[in-house]
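Heads up, the thing below is written out as structure tokens.
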Amino acid sequence: MKYNPAEIEKKWQKRWEKEGTYHIDVTDPVHKLYCLVMFIYPSASKLHIGHWFNYGPTDTWARFKKLTGKRVFQPMGYDAFGLPAENAAVKTGVHPHKSTQENIEDIRIQLKRIGAMYDWRYEIDTSVPEYYTWTQWLFLTLYKNGNAYRAKAPVNWCPSCQTVLANEQVIEGLCERCSSPVNKKDLVQWFFRITNYADELLEHLDNLDWPEKTKLMQRNWIGKSTGVEIQFTITDTGDALKVFTTRPDTLFGVTYMVLAPEHPLVSKITTPENKEHVARYIEQASKKTEIDRQAIDREKTGVPTGAYAVNPINDEKIPVWIADYVLYSYGTGAVMAVPGHDERDFEFAKQFDLPIRNVILEPGKNEHEPLEKAYIDEGTMIQSGAYTGMDSKTGIEKISDELEERGVGKRKINYRLRDWLVSRQRYWGAPIPIIHCDTCGEVPVPEDQLPVELPTDVDFKPTGESPLARSESYMNTTCPKCGSGAKRDPDTMDTFVCSSWYYLRFPSATLDTAPFDKETTNQWLPVDKYVGGAEHAVMHLLYARFITKALRDAGYIGFDEPFLSLVHQGTITNQGAKMSKSKGNVVNPNSFIDRYGSDVFRMYLMFMGPYEEGGDWSDAGIVGIDRFVRRVYHLIIENTSYLAGKFRDDRILFDTLESDARNLYRKCHQTIKKLSVDTERFQFNTAIAALMELLNEISRYTQSMHQRSDIEKTVFVHTIRNFIIMVAPFAPHLAEEVWEMCGQTESIFTSATWPRCDESALNIEEVTIVAQVNGRIRAKFVVSAGTDQNVLKEMTLSNENIKRYIDGKQIVKAIIVKDKLVNLVVR
RNA sequence: GCCCAGAUGGCGGAACUGGUAGACGCGCUAGCUUCAGGAGCUAGUGUUCGCAAGGACGUGGGGGUUCAAAUCCCCCUCUGGGCACCA
């Protein structure tokens, strides 16, 4: 019989579905394990290799855990709101609801072909009212707790997408979606107060089993810095000018001040003769795109305001400038410039011929040498009044103390993280459940009036104004408070809001009275293993952590973190480039599934290399996995007479085994050990290699099966049964089929348990000793393990080839490592 | 510019706390088989010198530590990822 994956895979997928093999009863949390892959974005109707690489291996891990006795909950859903669907709709005229639902239909069929353990009864779709009702509930919950607010702020605007963007969605000054240059605009927008949680988001990273790289990215994004807010005084007006610095030790080196062009004090302190220049500069700065502003190699620009400020440490009068290298959104929007010890200030000072003062002496340098560039590290304080001679580290503390005592400074912590801008001027998203009333102001839609349904009869062409604003029937409503006529909020939510809480929804996917059942949620969450792309390191993953904490504080859940353990699959590239439609290098998995089957394809993806590294796509080796799978299939067909027969006995005593039965048994248990460790750690490539090694050994063993003794046949059956169970997570359909051939009637995933390693069989009995002379290998010999060091030395000395290298020489030293090597050092 | 990760045969990749470099697979070579299919089996396969025994060289480049380095330290090159005037 020939291995026919198409037939076998169909058969088992049908049977799993019919029997509900992977159904999980969420009311019973005993041995629960919540394994989650990032749900799918259904913008295109085809699964690509990246999806398979995400879902296949994760399913392997989940199946492994199931076999070890866990009750694995593995759901799947659709992140269905979002710009790509809407942009496609603008182009094709097909309504995004229609295209999204059609895509989901296609995608579901393809997902099922993977043959993963998804419990489809818990499927979710973020774009349907059954889901977004609760996205709106989430918004209102944050609103009630002061974590959602509306404010006017300079925000990122994508002129192509015609909407605002969160900071996280601006990549190098370009829109994350469409790569257009992003502008700043002053707009009233909705924000989530993620900065309230900045410190906790930073601190809790330490407890998470996440890739260090990802934690580091989040730490950098949060960007905590400790310093002092120092108050300078504007001489003419008496206004306080506050600046934040991490280097109060350089305070004696301040030679000018700089305000961000947007700083409110600018208009007040600018002297009449400078008004025109300043106004022109502000005008120009506001027109720049983020790219222009951020280009680091660009020359610094700025203009003096004509005002002066007084340095509180030495009463020195210094000029105040405005320049766009100072960001209004960070700290106080103003800086004290220390050109001697800050690269940016140095560059600016050079540009405008401002004085540069050396106040931190670099170790080994002469105080009177002029600075060639800013010295930004620690050193000895000089020209610093009473602080001269102090090391800068101490100086930071001492000067901070003095400023605090005198009431002109305060220690402060600043974060780079900004509040999350969640409103969007687009159509295909969850409407913001707020009503604007002329008398009552902002009024939240009462919960019992949710959902605020997204109307379908809207012209969603992007114009920069929210499409919903054009729908009178949508916009006009009554105020829930006073009953008079009022307007709905015309914006929709960032799709990252939908995905910031979906993991909470899964176990309660069908619940229609609440976003999630409190008890079930607290039992099944946090997610035990979360798998998805590293591109979400700071967006989705940070948002989800924040939402979890906010809901905890609102009293809905009893845990701090949503994802205890995180794995990122690597990226599969093609010819070195990320696969994308525009590059035309997308590889369609379907041709491989048709030819080799799902088992072979997913296993090949796992065998290609380390899971977390990904790699460049090549189908060159897939035949290797195909051969492996067929060899397994044929090996079992040829031996069913033993497998289904009387040789089943798991109580084999290793000590009674001899020769190759002993070796096979040992190999079997070595493999069990390796598979258990490697599969747990997502090291699928080496796990599969170990399975191949075991198969090679079994094949050799079976060549003389007919003349083997009963005990030898028993060892064979024992090994092959364990082998099938170990193959099962990697090639589930194949495993079911051969398991059935062995006379089993129930699914391997419900009837088998992951084998336990017989430690007594692992003792290595023979070892190869490497004999070296001066560190170079000159001979090898096999001895039994534990052979005495002196014996090893004697054997080395008497070795013919070794003799050639030591004759006539003096042995200075002999290094002998038990069971490993002998190294003779001769002169 | 700064931070992080990496570089191993013709190819994908293995290698525990420094102790046989190249597991496993692809490819290639030879042989055997077959109801000739994109099949199976056996042996070989880092480079190089040699009939062989056995040498020399070898983990991006250069230095170092050590009896011993893919592994530890320093410098450099390249590749991938992140941040990008955050004071």
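Chain A is the first sequence line, chain B the second, and so forth, proteins listed ahead of strands; every chain is numbered from 1. All values below come from the heavy atoms of this structure, side chains included, with hydrogens, waters and symmetry mates left out.
Within the 4.0 Å cut-off from OP1 or OP2 of B:A5, not a single side-chain nitrogen or oxygen of A:Lys213 is found. Regarding contacts with the backbone of B:A39, every side-chain N or O of A:Arg630 stays at 4.0 angstrom or more from both OP1 and OP2. The phosphate of B:G19 (OP1 or OP2) has no side-chain N or O of A:Arg776 nearer than 4.0 angstrom. Taking side-chain N and O atoms only, A:Arg416 has a distance below 4.0 Å to OP1 or OP2 of B:A84. Side-chain N/O atoms of A:Arg631 include none lying less than 4.0 angstrom from OP1 or OP2 on B:A39.
Residue-level contact check: A:Leu216 touches the backbone only, with heavy atoms under 4.0 Å from sugar-phosphate atoms and none from bases. Among the protein residues, A:Val258 comes within range of no part of the nucleic acid, since none of its heavy atoms lies under 4.0 Å from any strand. Nucleic acid contact class of A:Ser225 (heavy atoms, under 4.0 Å, all strands): sugar-phosphate only. At a threshold of 4.0 angstrom between heavy atoms, the contacts of A:Gln772 include nucleobase atoms, whether or not backbone atoms are also involved. Across all strands, A:Asn801 comes closer than 4.0 Å only to sugar-phosphate atoms, never to a base (heavy-atom distances). Residue A:Arg778 is classed as a sugar-phosphate contact, given heavy-atom separations below 4.0 Å to backbone atoms only. A:Asn823 comes within 4.0 angstrom of a base, heavy atoms only. Residue A:Asn696 is classed as a sugar-phosphate contact, given heavy-atom separations below 4.0 Å to backbone atoms only. Nucleic acid contact class of A:Ile815 (heavy atoms, under 4.0 Å, all strands): base. Among the protein residues, A:Gln703 comes within range of the sugar-phosphate backbone only, with heavy atoms under 4.0 Å from sugar or phosphate atoms but none that close to a base. Backbone-only engagement by A:Tyr805 is indicated by non-hydrogen atom pairs under 4.0 Å involving sugar-phosphate atoms exclusively.
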Output, in order, the C-alpha distance, side-chain angles, deciding distance and verdict of ring-ring contact (aromatic ring centres under 6.0 Å, His included) for A:Trp617 and A:Phe592. CA-CA 13 Å; A:Trp617 170 255; A:Phe592 297 101; 5.3 Å; yes

So A:Gln351 and A:Glu299, side chain to side chain donor-acceptor pair (under 3.5 Å) or not? Walk me through it. CA-CA 8 Å; A:Gln351 183 87 26; A:Glu299 276 191 359; 3.3 Å; yes

When you look at A:Tyr611 and A:Phe53, which way does the ring-ring contact (aromatic ring centres under 6.0 Å, His included) test go after all the steps? CA-CA 8 Å; A:Tyr611 185 61; A:Phe53 194 52; 4.9 Å; yes

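Comparing B:A21 with B:C73, their P atoms sit 22 Å apart, to the nearest whole Å. Nucleotides B:U20 and B:A15, compared at atom P, are 14 Å apart to the nearest Å. The gap from the C1' atom of B:C3 to that of B:C57 amounts to 38 Å, rounded to the nearest Å. Taking atom P in both B:G12 and B:C2, one finds a spacing of 31 Å when rounded to whole Å. Taking atom P in both B:G63 and B:C26, the straight-line distance is 39 Å, to the nearest Å. Going from the C1' atom of B:G55 to that of B:C78 covers 34 Å, rounded to whole Å. Straight-line distance between the P atoms of B:C32 and B:U47: roughly 25 Å, to the nearest whole Å. Comparing B:G64 with B:A52, their C1' atoms are spaced 40 Å from each other, to the whole Å.
Glycosidic conformation at B:G9 (O4'-C1'-N9-C4 for purines, O4'-C1'-N1-C2 for pyrimidines): syn, within 90° of 0.
Following rounding to the nearest Å, A:Met217 (CE) and B:G82 (C1') show an atom-to-atom distance of 5 Å. Atoms CZ (A:Phe607) and C1' (B:G25) sit 4 Å apart, rounded to a whole Å. A:Ile622 has its CD1 atom 13 Å from the P atom of B:C26, to the nearest Å. Note: CG (A:Asn414) to P (B:A87) measures 8 Å, nearest angstrom. Nucleotide B:A87 holds its C1' atom 12 Å from the CZ atom of A:Phe232, rounded to whole Å. Whole-Å rounding puts the A:Lys242 NZ to B:A87 P distance at 19 Å. Rounding to whole angstrom units, NZ of residue A:Lys373 and P of B:G1 are separated by 12 Å. Atoms CG (A:Asn685) and C1' (B:C11) sit 16 Å apart, rounded to a whole Å.
Taking a pair to require two hydrogen-bonding distances under 3.5 Å in either a Watson-Crick or a G-U wobble arrangement, B:G38 remains unpaired.
The A:Tyr330 side chain lies nearest to B:A87 when the options are B:G12, B:A87, B:C24. Closest contact between the side chain of A:Val326 and the listed nucleotides B:C24, B:A21, B:A87 involves B:A87.
Heavy-atom minimum distance, A:Met381 versus A:Ser392: CG-CA, 4.0 Å. Nearest heavy atom pair, residue A:Glu697 against residue A:Asn663, reads OE2-O, 3.9 Å.
Annotation: side chain of A:Ile572 is not in contact with side chain of A:Lys578 (no heavy-atom distance under 4.5 Å).
The base of B:G38 is paired with the side chain of A:Arg595 by a donor and an acceptor separated by under 3.5 Å.
Using cut-offs of 30° and 60° for the angle between ring planes, the A:Phe352 and A:Trp321 rings count as tilted.
Between the side chain of A:Arg247 and the backbone N or O of A:Ile376, at least one donor-acceptor pair lies under 3.5 Å.
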